[in-house]
Amino acid sequence: MSLITDYIGKPTSRVDGPAKVLGTAKYAAEFNVPNLLYGYVVSSPIAKGKITKIDSEKVRALPGVQEVFTHENVPNYAFLDRSYKDDVAPGGSPFRPLHDAEIKYSLQPVALIVADTFELARYAASILHIEYEEAAHETELTKHIDEAYEPGRGKTGYKPPKSRGNFGRGWKEGVAHMEGQFSHHAQHHNPMEMFASTVEWLGDKKLNIYDKTQGVFNSQQYVNKVFGLSKDQARVISKYTGGGFGSGLRPQYQLFMAVMASLQLERSVRVSLTRQQMFSFGHRPETLQHVALATAADGSLTGMNHFAVAETSQFEDFTENVVGWTGTLYDCKNVKLGYRLAKLDVFSPLDMRAPGAASGSIALEIAMDEMAYAAGLDPLEFRIRNYSDFDQAQNLPYSSKALRKCYAEGAAKFGWEQRTPEPGSMRDGNLLVGWGMGGGIWDASKQPAVVKASLDADGHLTVSSGTNDIGTGTYTIMTQIAAESMGLPIEAVTFVLGDTTLPESPLQGGSWTAASVGNSVVEACNKLGEALLKQAQKMDHATFKDAKIDDVQFVNGQMRLRTDLTQGIVLRDIVQASGEPKMEAENSTVLTKLEMLKPPKYSMHAHNAVFVEVKVDPDLMTVHVTRVVNAVAAGRIINPKTARSQVLGSVVWGISSALMEESVMDHRFGRYMNHNYAEYHVPVNADIHDIDVIFVNEEDDKVNPLGIKGIGEVGLLGVAAAVANAIYHATGKRVRDLPITIDKLL
Amino acid sequence: MNSFTFTQATAVEAAVQDKAAHEGAAYIGGGTNLIDLMKENVARPTHLIGLKNLGLDNIENTPDGGLRLGALATNADTAYHPEVEKRYPLLNQAILAGASPQLRNMATDGGNLMQRTRCYYFYDLATPCNKREPGSGCSAIGGYTRVHAILGTSEQCIATHPSDMCVALAALDATVRVSGPNGERTIAFEDFHRLPGNTPERDNNLEPGELITGLDLPAKGFEKNFSYLKLRDRTSYAFALVSVAATLELDGTTIKDARLALGGVAHKPWRDKAAEALLIGQPATADTFRRAAAKVLEGAKGQGTNNFKIELAKRAIVRALKQATEMNQALDATAFQNSNP
Ligand SMILES: Cc1cc2nc3c(=O)[nH]c(=O)nc-3n(C[C@H](O)[C@H](O)[C@H](O)COP(=O)(O)OP(=O)(O)OC[C@H]3O[C@@H](n4cnc5c(N)ncnc54)[C@H](O)[C@@H]3O)c2cc1C
Ligand code: SF4
C-alpha cells in the first residue's frame with residue numbers, strides 16, 4: 001500500500017526554494033544588525049618576505065575609520081598551534097591572520113581596516129602604506145619534485161596509500177603496457193557567495209556570529225579556542241550557504257578578523273572578502289601524476305603503478321587520497337602506490353569536491369583508456385574485465401556494489417555499442433565526434449550526529465540538528481525523512497539547521513551528511529514515536545494497551561496498529577493529552593561512535609560510470625561536450641530531484657576541469673593572475689548540452705539503516721577523464737595536462 | 001575606490017566644460033568597465049560626468065545612405081536595431097559575440113571603443129605595468145600572455161584591445177565623431193586606436209577632454225557575405241583569443257571587394273589592407289584565403305603562452321572567409337562558434 005506520507009525516494013522540490021527565490025533566505029553578509037562596522041582586508045602583493053613598515057597615519061585620520069588592525073596591534077590571542085586547529089586542519093602549524101610581519105604567500109591578509117561604511121574601509125585599504133622586504137619565493141611544483149616527501153602527518157583520517165604484490169613483476173608479466181605523466185593546475189572553489197562573517201556584539205563578550213561556513217561547530221570551536229570564549233559567548237549561525245564545495249570546511253580568515261575586531265572595538269563588525277580575495281586561501285592543489293599499467297593477453301591488469309606529487313604550503317601538510325582509489329577500483333594483484341608533497345610558498349590547499357579522487361581519477365581513467373587502446377580492447381569491456389568484486393586494498397567484501405549496472409545502463413542509454421574504436425572514425429558533418437568514458441569510486445561514510453525531534457500540540461514536527469545545507473538539499477531530504485518517519489504530511493514538518501544552539505552535527509562534507517544526519521533523524525523520530533506510544537497508553541486507549549513500538553506504524557498523521565491499520569490515533573491528540581506544549585526526543589550517538597571504533601566489516605563505496613560525447617572542429621579544434629550520461633550507484637536515493645541536481649553540478653564541474661578551469665600562477669610573482677570571474681573560466685550555459693543522470697538500483701542494508709551512500713561527490717569522478725578520452729577518440733590527440741584548452745589541440 | 005563627485009550632464013558642451021574644469025574627471029557611459037577599474041583602484045577619477053542625458057542614444061539613417069550610432073546607444077540596442085540587423089549584420093554578430101546580455105544592456109557604443117585592455121597585470125596593482133604606470137615596466141612580457149597581442153607589440157606593452165564590436169567597426173570603415181574643447185572633429189576608425197609604441201598609456205588618439213558623440217557607418221554594409229568568428233576559452237562570456245571580421249563582395253566566385261579585421265591580436269582592432277588586396281580580384285577559394293591569412297600573420301610574434309594564437313588566427317581567417325563566402329549554405333561546422341545565447 002502506498003501511503004501519502006511516504007516521501008523517501010520521491011522527487012521533492014526544495015523546501016528552502018521559496019525563501020531563496022523570494023530573497024528571505026539571508027546569507028552571512030546580509031545580517032544588517034544595528035550599529036554595524038565594516039571591515040576590509042588588505043592583501044599582500046608579494047609572495048614571500050616581511051613587512052618592514054606600516055604607516056597608517058593617513059588612514060587613521062580619515063573621519064569614520066575606527067581602527068587599522070595589523071600584526072603590530074592585534075593582541076596575541078591563543079599561544080599554542082593547537083588552539084588554531086580546526087576540525088579538518090591538516091598536520092602542521094595553522095596560519096594565524098595578522099600574527100607577525102612574515103609574508104608566507106601572495107594575497108596573504110596583512111591588515112584589516114574597520115570603518116563606519118564599507119566604502120570608506122575599502123578606500124582606506126587602497127591608501128594604507130605598507131613596505132615590504134621581498135624574499136625569493138618558490139611556487140613552481142615541477143621544480144620541487146625531487147624534494148617531495150611522504151607526509152608523516154596529515155588530516156585526521158589520512159592513511160598513506162598501501163601498495164600490494166610486486167608491480168615490477170606485474171609489469172614484466174604484461175604483454176601490453178602504458179605509461180604517462182598527468183597534470184592539472186590549481187583550482188579555486190569560487191562559490192557564488194563570498195566569504196563573510198557578521199559578528200553581532202551583544203555586550204559582555206557575547207557574540208552572535210553569522211558565518212559563511214560548512215560547519216557551524218567547527219567555526220565555534222575555533223573561536224572558542226583562539227579567543228578563549230565559552231560556547232555561550234560565541235553562537236555561530238549559518239542557515240544558508242551560497243555554495244561551498246569544500247571552501248567552507250575550514251574557518252577562513254575573515255572569521256578571525258571579524259571576531260577579533262568585534263572584541264577589540266566592542267562593536268558589531270562585518271568582514272567580507274572580495275572575489276579576488278577568494279583566491280587567497282585553500283584550493284585544489286596542483287598535482288603531478290605518473291601512471292603505468294600492464295595487461296596480460298586476456299586484458300587483465302597484471303600491474304598498476306600510480307604516483308602523485310602535490311603542492312602544499314610551507315606550514316601545513318595538506319593531504320588527500322589521490323592514488324588510493326587505484327588500488328580499489330580495479331582488480332589487480334600488483335599495485336604500487338605513492339604520494340608525496342612538495343612545499344611551496346602558497347596557502348595550504350583545501351578539500352575541494354571529491355578531494356583527491358577527482359585528481360586521481362583524471363590520471364587513472366585516462367590511463368585506463370590508453371591501456372584499453374594498447375590492449376586492443378573497448379574501454380568499457382576493458383573495465384568490465386578488470387572489475388573488482390572484492391576490495392583488495394582493504395581486504396573486505398563490498399557492502400554493495402552496483403557498478404556493473406552503471407556500466408550496463410549508462411552504456412545502453414548512451415548507445416555505446418555503436419562506437420567505432422578508431423580515433424577520428426566518427427563524424428557529424430565536418431565535425432569530429434569522440435566518445436569516451438570513465439568512472440570512479442567514493443567513500444560512503446557516516447559520522448555521529450545528534451538530532452532532536454519535537455512535536456507540538458498543533459501536530460507540527462520540528463526536527464533540528466546543527467548541520468549545514470550548502471545547496472545540497474539537506475533541508476529537503478531531512479524534511480522528507482522526518483515526515484515519512486513520523487507519518488506526517490511534509491507541510492507539517494520543519495527541519496532546522498545551521499546554529500550552534502542546536503544538537504551537535506558534523507560539518508557538511510565528505511558526502512556524509514545524508515547518511516549521518518538522515519539516519520539520526522530516523523533514530524530521533526523513532527524515540528519520539530516511543531514516547532508517543534507511552535503517552536497514548538497512558539491515555540487509556542484500548543487499542544495500544546499492549547502494543548510494543550514494533551507493533552505500531554506512523555502514517556498519514558496517525559499512529560496505527562500494524563495489524564489493523566484502521567485503528568489509529570492522531571498524533572496531535574497525543575501531544576495535547578500530555579498536557580505539555582510539545583513532546584521531544586533526541587537520538588543518542590553512542591552506538592555510532594562505538595561502531596566507528598571497530599574495524600569495518602565491509603568496504604563501503606559509491607561508484608559511477610560516465611559516458612561523454614564531444615564534437616571537435618577539425619580545423620579550429622574547438623571542443624563541445626554535446627552529451628553526457630552519468631550512471632551512479634550510491635545506495636538509496638532519498639530525493640531523485642535534488643540528487644540529480646548534485647550530479648548535474650558535478651558533470652558541469654567535470655567539464656570545467658577538463659576544458660577550462662585553472663588558477664594560473666605567474667611564478668615570477670608567485671601570484672595567481674586570473675583571480676576574478678572574468679578570467680577564471682567555468683562553463684556558461686552555452687557550454688553545457690545534454691546531461692542524463694541515472695541512479696541505478698542499489699540496495700544496501702549494511703552501509704547504514706537507510707542504505708544511503710551520499711551523492712555530493714561521486715558524480716564528479718571520471719567526468720574530466722571521460723572528456724579527455726572522448727577528445728582522444730575524436731582527434732587522436734592524447735592530452736594529459738588539464739585543462740585541455742584550444743592551444744593544446746592545435 | 002576613492003570618493004568622487006558626479007554630475008549628470010545634459011549638453012555636450014557642458015560635459016566638455018565640466019571635464020576641463022575638473023582635473024582627474026572622467027566621462028561615464030554604462031560604467032561596465034570604468035566602475036570595475038575603480039573598484040580595482042586602476043582608475044581613480046575624482047569626478048564623474050554622466051552622459052546618459054545628452055540625447056546621444058539615437059540610431060538614425062544619414063543622408064549619404066549610412067547609419068549614425070549615438071555614442072550613448074547601448075550595445076544591445078545597437079545590435080538589435082532593425083537597420084543594423086538588416087544592413088550591418090556583421091556589427092550585430094560582433095556585438096552579440098561580446099560580454100553577456102546584462103553587460104550589453106548597460107554598455108554604450110562610445111564606452112565600447114574606450115574600454116581598456118583585459119591584461120591581467122594591468123588589473124592587478126601588485127604587478128608593474130607601463131600602461132597603468134608609465135615607466136614601471138611590462139609584467140606581461142615573459143609572463144602569462146593568453147590574452148595578449150601577437151601583432152604590433154612593442155617592448156613597452158603587448159596588450160590587446162578587447163572589443164568585439166570595434167573589430168566589426170574597423171572592417172566596416174566607421175568614422176568616430178568627437179566633440180572637445182576645440183570643437184568637433186571626426187576620426188577614421190583605423191586612426192582611432194593606437195599601437196602601444198613608447199606610449200602604452202595612450203589607448204587611442206582622443207585628445208584630452210574629447211567626448212565621443214557618435215559613430216558613422218558608411219552605406220556599404222556587406223550584408224550578403226560576412227562573418228564574425230570569435231574563438232575563446234568558453235562558448236560565451238569570454239574575451240576573444242582571436243576574432244575575425246570578414247566581409248566579401250562577390251561577383252560569382254570572384255572577390256570584388258573584401259575587408260578583414262582581427263580582434264584579440266593587437267593593441268587595436270587589426271585591419272590588414274595588404275591582405276585584403278590579396279583577396280580582391282581572386283577566386284573565393286581556400287587557397288586564396290590561406291594566402292591572405294599568411295599575409296596577415298607575416299610579422300606576428302608570439303610571447304610564449306600565446307604562441308598558439310598565430311596558427312589559430314590563420315585558421316580563423318580562412319574559416320571566416322569561407323563562412324562569408326558560403327553564407328547561404330549550411331554552416332554545420334561552425335554552428336557552435338556562432339551560437340551566442
Ligand atoms: C565580465 C565582462 C566581460 C566582457 N566581455 C566582453 C567581450 O567579450 N567583448 C567585448 O567586446 N566586450 C566585453 N566586455 C566589455 C564591455 O563591452 C565594455 O565594458 C563596455 O562596452 C564599455 O562600455 P560602457 O559604456 O559601460 O563604458 P564605461 O565603463 O562607462 O566607460 C569606459 C571608458 O570609456 C570612457 N567613455 C565612455 N563613454 C565615453 C564617450 N562617449 N566619450 C569618451 N569617453 C567615454 C570612460 O571614461 C571610460 O574610460 C566585457 C565586460 C565585462 C565586465
Ligand atoms: S602588456 Fe601593457 S597593459 Fe599589460 S602589463 Fe604590459 S604594459 Fe601593462
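Taking chain B as the reference chain and counting heavy-atom pairs below 4.5 Å, the highest number among A/H675, A/M660, A/R671, A/M665 is found for A/R671. Options A/M621, A/R122, A/K744 differ in how many heavy-atom pairs under 4.5 Å they form with chain B, and the most are formed by A/R122.
Remark: the backbone N or O of A/V682 is paired with a side-chain donor or acceptor of B/R234 at under 3.5 angstrom.
At least one side-chain heavy atom of A/L620 sits under 4.5 Å from a side-chain heavy atom of B/L229. B/R319 places a side-chain heavy atom less than 4.5 Å from the side chain of A/D617. At a threshold of 4.5 Å between non-hydrogen side-chain atoms, the residues A/R668 and B/T127 do not count as touching. In this structure, the side chains of B/Y237 and A/P683 stay at 4.5 Å or more apart for every pair of heavy atoms.
Between A/M673 atom CE and B/R146 atom CZ the span is 15.5 Å, to the nearest 0.5 Å. Within the model, atoms CZ of B/R315 and CD1 of A/I742 stand 9.0 Å from one another, a figure rounded to the nearest 0.5 Å. Here A/Y123 contributes atom OH and B/M38 contributes atom CE; the two are 12.0 Å apart, rounded to the nearest 0.5 Å. Between the OG atom of A/S126 and the CD atom of B/E40 there is a distance of 12.0 Å, given to the nearest 0.5 Å.
Within the 4.5 angstrom heavy-atom criterion, no atom of B/V242 approaches chain A. Contacts of B/N41 with chain A are made by side-chain atoms alone, with heavy-atom separations under 4.5 Å and no backbone atom involved. A/Y132 does not touch chain B: none of its heavy atoms, backbone or side chain, sits under 4.5 Å away. Heavy atoms closer than 4.5 Å to chain A are found nowhere in B/L125, neither backbone nor side chain.
Across every non-hydrogen atom of B/G143 and A/D666, the tightest pair is CA-OD2, 3.8 Å.
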